[in-house]
Each structure stands twice: as structure tokens, then as C-alpha cells.
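Predicted, not measured: the structure shown is a model, and the values here were computed from it. Hydrogens, waters and symmetry mates are skipped; everything else that's a heavy atom, side chains included, is used.
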Amino acid sequence: MLILRDWYHIRKKYYKNTENAKAVYYIKQKLYWENIANVPFLGVRGNIIARYYNRKLIRCYGIFVGDHCKVGEGLKLPHPNGIVIGNYVKIGNNCTIFQQTTLGAKSIEAWKSGAIHAYPVLEDGVVIYAGAKVIGAVRVGENTCVGAGSLLMRDTQKNSVYAGIPAKRIK
């Protein structure tokens with residue numbers, strides 16, 4: 001019989017591991033885009049199974065990732081909790097996103113219409129610290145850092161640091 005202490009260690013080991021969260025995300029994307037799990041005689045399509053994995057990301061890891069989001073290789077999520085990534089966000093290679101971060105559209109109308117151009121694009125090597133919000137059609141340049149608690153609503157230059165509300169270039 002499992003006691004509460006054992007369950008805590010099991011959950012910590014398997015459910016809060018960043019690598020597991022990324023693996024679940026990549027499985028979900030593969031199923032959604034390629035419909036790998038088609039079972040026509042049961043009426044089950046790959047995107048239905050992908051939705052199951054999306055629910056698992058939300059329940060187990062506290063991460064919401066939109067269906068049409070594109071994520072490059074080497075994404076790091078040091079503390080995968082409360083991260084929201086909108087439907088058409090593009091994330092480059094070797095990016096790092098900390099907890100409580102939001103990447104999304106600026107308005108409800110853009111979100112409802114599914115306007116691809118209304119979402120942020122993160123280039124390679126971007127680091128977004130805890131609590132930062134990147135909202136709207138923003139292009140975050142290569143090797144750029146967005147400070148904790150910042151609100152970024154404008155395009156950025158590469159190899160720079162942005163912080164504040166609204167975020168301004170500080171280095």
C-alpha cells in the first residue's frame with residue numbers, strides 16, 4: 001500500500017520532470033500534425049489523441065500549448081508551471097522559458113479569428129524569465145533576455161536585455 005510520502009516522491013519524479021513535459025508536448029504535436037494514430041474503423045483520429053496529451057500537459061504540468069504552435073529543438077522549461085503558449089506562437093531553437101510566462105495574442109478578436117500574424121515569434125537562444133508576458137505580434141531577436149515580470153509588446157533587437165512594464169531595452 002502506498003503511503004502519502006511515497007506518492008509525493010513518485011509524483012515529483014514522474015510528473016514534475018521538465019523532460020517528461022517536453023516529451024508529452026512533442027508526442028502531442030506529432031499526433032496533431034501528422035495524424036499518426038488514425039484508427040478509421042473506430043472513428044478515432046490522431047488529433048483527438050493529441051487533445052488527450054494536451055489535457056495531460058495541463059493537468060500534470062500546468063502548461064498550456066496551442067495546437068498550431070511551432071517549437072524548435074532544445075526548448076528548456078526549468079520550472080514548468082503556469083506557462084501559457086498561444087496557438088500560433090513560433091519558438092526557435094535553444095530557448096528557455098521560466099514559470100508563469102504568457103506568450104499570446106493582444107486581443108480577443110485576434111484570438112477568436114485565429115490570426116497567425118497576431119502572435120509572438122521567438123528567435124533562437126531567447127530567455128524569458130519568470131512572470132514575463134510577451135503579447136501581440138512581437139518578434140524577439142536572437143539571444144535576447146526578457147526580465148522577470150516584464151510586459152513586452154514591441155519588437156526587440158538581438159543580443160539585448162529588456163525589462164520593465166512596458167519592457168524597455170536596458171542593455
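Of the possible donor and acceptor atoms, one in the side chain of Thr156 sits under 3.5 Å from a partner among the backbone N and O of Gly141.
Ile85 CD1 to Lys90 NZ: the interatomic distance, rounded to the nearest 0.5 Å, is 15.0 Å. Within the model, atoms CG of Asn143 and CG of Asn94 stand 9.5 Å from one another, a figure rounded to the nearest 0.5 Å. Atom CD in Glu73 sits 10.5 Å away from atom CG in Asp124 (nearest 0.5 Å). Separation of atoms NZ (Lys171) and CG (Asn159) is listed at 11.0 Å; rounding is to 0.5 Å. One finds the CD1 atom of Ile83 at 8.5 Å from the CG atom of Leu103 (value rounded to the nearest 0.5 Å).
Salt bridge present: Glu123 and Arg139 bring a charged side-chain N and a carboxylate O closer than 4.0 Å.
Ile135 and Tyr119 sit in two unconnected hydrophobic clusters of ILVMFWY residues. Membership requires side-chain heavy atoms under 4.5 Å apart, directly or through other members. Hydrophobic clustering, with ILVMFWY side chains joined whenever heavy atoms are under 4.5 angstrom apart, keeps Ile165 apart from Val146. Residues Val127 and Leu75 are members of separate hydrophobic clusters, defined by side-chain heavy-atom contacts under 4.5 angstrom among Ile, Leu, Val, Met, Phe, Trp and Tyr. Criterion: ILVMFWY side-chain heavy atoms under 4.5 Å apart, direct or through other members. Under it, Val121 and Val138 are not part of a common hydrophobic cluster.
Here the side chains of Thr96 and Ile128 are not in contact, with every heavy-atom distance at 4.5 Å or above. Side-chain contact check for Val134 versus Val140: some heavy-atom pair is nearer than 4.5 Å.
Applying the ring-ring contact (aromatic ring centres under 6.0 Å, His included) definition to pairs two or more places apart or across chains, those involving residues 121-141 are Phe98-Tyr129.
Contacts of Arg154 classified as side chain to side chain donor-acceptor pair (under 3.5 Å), with partners at least two apart in sequence or in another chain: none. Residues forming a side chain to side chain donor-acceptor pair (under 3.5 Å) with Gln157 (at least two apart in sequence, or on another chain): Arg169.
Across Lys158 and Thr144, no two heavy atoms sit closer than the pair CA-OG1, 3.8 Å. Nearest approach of Gly147 to Ser150, heavy atoms of both residues: O-OG, 2.9 Å. When all heavy atoms of Ile63 and Pro80 are compared, the closest pair comes out as CD1-CB, 3.5 Å. Here the closest heavy-atom approach between residue Pro120 and residue Gly104 is recorded as CD-O, 3.5 Å.
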Check the pair Ile91, Ile97 against side chain to side chain contact (heavy atoms under 4.5 Å, CB included), reporting the backbone distance first and the verdict last. CA-CA 10 Å; Ile91 301 175; Ile97 300 174; 3.9 Å; yes
